[in-house]
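When reading the values below, keep in mind they use all heavy atoms of this one structure, side chains included, and skip hydrogens, waters and symmetry mates.
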Amino acid sequence: ICYSFCTLLDAHNKMIDIPLLSVCTIGFAVEYAWAAGETVMIPYLVEILGVSFKLSALVFMVNPWVAVLVQPLIGKLSDYLEKRGTAHGGRIPIILMLTFTSLLGIGLLLFAKGISSSSVAVITFIAFGLLDISHDGLLVPARAYINDLALDDGIDPEDADDYHSTFSIAQALGRLVSLVIGSLPIQRILSSIPEETAMFRVMMSSSALVIAVSCASTYAGSHYRHARRRRRELAGDRPVEEIEMQSMVSDQNTHSTEESPLVGVPSIKKARLVRVLLALSMGWMGYMAVCFYWTEHVGLKVSLPGTKGVLSEAVFTLAVQATAGCVAGYYNSRLNMNYGTRRVFAVSLVFSGVSLLLAPHTSGWISVLALLPQGLAYAIHQTNSQLLVQQCVPPDQLGFAASLATATMSGSQILAAGLAALLGYLSVSSPIAVLFTITGVVAIVSTLLVYR
């Protein structure tokens, strides 16, 4: 069905890049599922299952330890399969596998409530870990696939701002749609579902559907990409392999040939790569704090003033933040072209830090405005993190580069969740507000690493 839709769409509009559009659905689906889990998971654990706040923080801290180790392996594996020249590329089998594990995790979450009460929390932790690691991993082959499409068009991946910005816009749209659904009074609409679990079940079920459709559309797009490559070669265009080889030779001529222990990364860029990864990890901490703990800080049942209980303040605020991310994603490539990737990234970190410092001390419509800069910074961080890492890694390891950039999200998740658990253990008053303040300062300080 997805392949037929791609063919029909291309027949009516030649300006649409079908393979790019199809892989962007992965970004949409992952962000949709992320937003769904972040919105309902902590309230579900604390309010429904009765897990303490200190213990609930572990659900966001344990998973990233596995993800940090697994993601580079996923990147290297996808690079290996891509070099083998399979019909539809080396990224698609990885996407299919991770989609299956994601759906398995969501299925366990939905049916865990029927298990004995003593085991439901354990099953929930394991299931959420499985789907969270799968969603983190899906971004690795998807971002690498974006670079493959740029090479198909004869564009150096380091200059593929438009491609990555399109993917980031799809991510912001996925988050926006998920949060809009989450802000609706689902308990009133679906009266047949028990009120305490209605939001959780709807968000998890819809996540499964979106993930499955995105995988199908990406697989269909890979068929279309394969056919397009052959048409180009028959028309006399250079094979993609020749473009890749030219890019590799150019990189070897402009950098030292001495290799570092970081799997083929030129030693002249090793120090820069470490600084970039550290800055990315520090910058992501604030985003993770907002994603995981904003709904618990405000409360899912608190509505915005003047909406008569229709709009949830916590979810609607995050939805506005995602809308700002769509706007920032649209203009991101232009900003990079005019001001430079590093400068735009550094400014976005300052925006994020200021937003985090203000947000805990606001409420109502003021909190909506306070978190709006966070959305602008989030979209820029998504794109520029990939571009900054690619500048430090050889062009024949695009999957590895994508995995390093994505792994910084998992690293920051460890730091943010660990800090939240520590604040809870120390019985700090208003631990989430303190968490936002600390991560805001860290985000601003991380700009120093970008310019060293």
Side-chain angles (χ1 to χ4, degrees), residues 19-20 22-23 26-27 30 66-102 133-153 155-158 160 163-164 167 215 218-219 221-223 225-226 228-230 233 238-252 255 257 259-267 269-270 273 277 385-387 389-410:
L20 178 61
S22 65
V23 75
I26 292 290
V30 167
V66 180
V68 166
L69 299 175
V70 170
Q71 287 169 6
L73 297 178
I74 293 174
K76 296 298 290 185
L77 179 60
S78 69
D79 284 336
Y80 171 75
L81 295 176
E82 186 70 20
K83 291 174 184 176
R84 291 188 61 185
T86 56
H88 307 295
R91 323 297 183 188
I92 301 302
I94 307 296
I95 291 175
L96 293 173
M97 178 189 69
L98 292 172
T99 298
F100 172 77
T101 55
S102 169
I133 293 167
S134 300
H135 294 162
D136 290 347
L138 274 170
L139 288 184
V140 174
R143 284 287 186 178
Y145 193 84
I146 293 287
N147 292 322
D148 296 337
L149 295 178
L151 285 171
D152 286 353
D153 295 335
I155 297 174
D156 191 316
E158 292 185 15
Y163 293 78
H164 284 287
F167 192 87
C215 177
T218 303
Y219 183 73
S222 71
H223 282 266
R225 177 201 175 201
H226 178 68
R228 187 176 68 178
R229 283 162 60 109
R230 294 297 168 231
E233 291 178 9
R238 289 184 301 160
V240 175
E241 291 77 10
E242 182 180 335
I243 298 173
E244 293 175 344
M245 183 59 67
Q246 180 181 357
S247 179
M248 291 170 59
V249 171
S250 173
D251 185 78
Q252 291 173 358
H255 299 102
T257 58
E259 301 295 328
S260 76
L262 290 178
V263 196
V265 179
S267 59
K269 292 192 173 184
K270 183 176 69 171
L273 176 60
L277 294 178
S385 62
Q386 296 289 330
L387 298 174
V389 173
Q390 286 170 21
Q391 293 171 4
C392 306
V393 178
D396 63 332
Q397 299 185 36
L398 298 177
F400 182 59
S403 69
L404 289 179
T406 306
T408 60
M409 298 175 63
S410 300

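Distance check, rounded to the nearest 0.5 Å: SG of Cys392 to CG of Leu277 gives 7.5 Å. Atom-to-atom distance recorded for Gln386:CD and Leu404:CG is 9.5 Å, nearest 0.5 angstrom. Annotation: the span from Leu149 atom CG to Leu20 atom CG amounts to 6.0 Å, rounded to 0.5 Å. With rounding to the nearest 0.5 angstrom, the OG atom of Ser403 is 8.5 Å from the CD1 atom of Ile74.
Residues Leu98 and Thr101 approach most closely at O-OG1, 2.9 Å, considering heavy atoms. Of all heavy-atom pairs between Val389 and Ala405, the closest is CG2-CB, 3.9 Å. Of all heavy-atom pairs between Ala67 and Pro72, the closest is O-CD, 4.3 Å. Contact detail for Gly399 and Ser78: the closest heavy-atom pair is CA-OG, 4.0 Å.
Evaluation of the side-chain hydrogen bond (donor to acceptor under 3.5 Å, both in side chains) rule for Ser102 yields His135 as partners, not counting sequence neighbours. Applying the side-chain contact (heavy atoms from CB on, under 4.5 Å) rule to Ala407 yields the partners Gln71; only residues at least two apart in sequence or on another chain are considered. In this view, Asp79 and Arg91 satisfy the salt bridge (Lys or Arg N to Asp or Glu O under 4.0 Å) rule, not counting sequence neighbours. With sequence neighbours left out, Leu96 forms a side-chain contact (heavy atoms from CB on, under 4.5 Å) with Ile92, Cys215, Tyr219. Under the side-chain hydrogen bond (donor to acceptor under 3.5 Å, both in side chains) criterion, Thr406 pairs with no residue, sequence neighbours left out.
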Stepwise side-chain contact (heavy atoms from CB on, under 4.5 Å) check, Leu139 with Phe167: CA-CA 10 Å; Leu139 288 184; Phe167 192 87; 3.9 Å; yes
Residues Gln390, Arg143; criterion side-chain contact (heavy atoms from CB on, under 4.5 Å); working and verdict: CA-CA 11 Å; Gln390 286 170 21; Arg143 284 287 186 178; over 6 Å; no
Verdict with supporting geometry, Tyr145 and Ser222, side-chain contact (heavy atoms from CB on, under 4.5 Å): CA-CA 10 Å; Tyr145 193 84; Ser222 71; 3.8 Å; yes
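Formation of a donor-acceptor pair under 3.5 Å by the Thr218 side chain with backbone atoms of Ser22 is found in this model.
Counting heavy atoms from C-beta outward, Val140 and Ile94 have side chains that stay 4.5 Å or more apart.
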